[in-house]
Amino acid sequence: MEANIVVLPGDGIGPEVVEGAVAVLTAVSHQFHHTFTTHTHLMGGCAIDTVGNSLPDETLAACLQADAVLLGAVGGYKWDNPDAADRPERGLLALRKGLGLFANLRPLKLYPELMAASPLKAEKLAGVDMLVIRELTGGIYFGERARWTDDAGEEWGKDTMIYSAGEVRRVAEIAFRAAQGRRKRVASIDKANVLDSSRLWRKTVNEVAANYPDVTLEHVLVDAATMHLLSRPSSFDVLVAGNMFGDIITDEASMLSGSMGNLPSASLGAAQNGHGCPRGLYEPIHGSAPDIAGMGIANPIGTIMSAAMLLRHSLGLEDEALAVETAVARTIAAGHRTVDLARDGEPSLSTRAMAEMVVKYMEPIIGDR
Ligand code: IPM
Ligand code: MN
């Protein structure tokens, strides 16, 4: 297969973790005889510094032409000025919107050898395997917003949480279809006891559920959901949530795995690429971690697992995706750790060494086939 992958390293630890994932993709291309062409483009703070725009036109155009996009992270102290006209995060939101990526899939699987790195007790973690589907191009992230000062000199700021039934329906459909291939449970997260947008969310999810009688639906208020994620995490299968609630609960859920550095994501929409698959954006759920940027110690697993999702969802390469996921699991099982995963006194590997270890564990898997 020939595939055209756009790479957006971004800021902070983004370039380091992306380098690790590209090394894994290169190994996949050699071992499975594919040709992956990668083109690197600017996005985020580095793009503001270089061309004065967090999402340059040519970057968006390249992404629209690509089969898939692999992204590191954006943001950093340098661009934190709240009054700046452009911000790295604006580029990321404009990219998601520009590519029409309304569904963000964030799977959470635990590695048995990392249970001790989790803040929860092992008995609570048994059986945890969930997929959070976060709505990504609507809600409060994209509603009307404003800042102003009134006549009395008081400053105001406003954001609007807004959803159409259609926006809810299309992401709910993805959740129910995903659940059919899993444990057939959907938990829909909202705040319907307070918010009108959530009451529409709940009504629409109920309507979609009627077409999936084999799937069990529960509605969970977002505040209760944060509690249940700690008290009964293994009861969840697929969760579906609006943009901001999904953002918040996935950071919480990621810690069940011991480190948010482990979690990948895939953002998908309706547009297809030349392989008849959705053109997707693949990124770890962690941020740019400016405190450790440039030190070569970031955990590349979330980005490598995002590359596996890219192989599966945008290229239809299931065997290749499984090879990467199995190699990651074997790397961890063999005791290799980046510093975020290492317990007191355990040695840790650099970002690059960890990625090389995954490549090394992939060779025998392919030999096994
Ligand atoms: C994420 C991040 C982003 C978000 C930021 C960087 C804009 O937190 O992908 O979860 O809020 O969506
Ligand atoms: Mn987030």
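The figures that follow rest on heavy atoms only: side chains count, while hydrogens, waters and symmetry mates do not. Ligands are counted one by one from 1 in listed order, and the atoms in each one are counted from 1 as well.
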Do Val18 and Thr40 have side chains that approach each other closer than 4.5 Å (heavy atoms only, starting at C-beta)? no
One thing to verify: whether [Y] and [X] come together as a salt bridge, which I'm taking to mean a side-chain N less than 4.0 angstrom from a carboxylate O.
X	Y	answer
Asp237	Lys184	no
Glu123	Lys121	no
Glu356	Lys360	no
Asp11	Lys78	no

Starting from atom 9 (O) of ligand 1, which protein heavy atom do you reach first, and at what distance in Å? Arg96 NH2, 2.7 Å
for atom 8 (O) of ligand 1, nearest protein heavy atom and its distance come out as Asp247 OD1, 3.4 Å
Any donor-acceptor N or O pair under 3.5 Å, side chains Tyr282, Ser314: yes
What about Glu89: any of its N or O atoms under 3.5 Å from an N or O on ligand 1? no
Ligand 1 and Arg134, any nitrogen or oxygen pair closer than 3.5 angstrom? yes
What are the atoms of ligand 1, with element, lying closer than 4.0 Å to any heavy atom of Tyr141? 4 (C), 11 (O), 12 (O)
Which of the ligand 1 atoms, numbered from 1, are nearer than 4.0 Å to a heavy atom of Arg106: 1 (C), 9 (O), 10 (O)
Among the N, O or S atoms that Asp247 has, which is closest to the Mn ion (ligand 2)? OD1
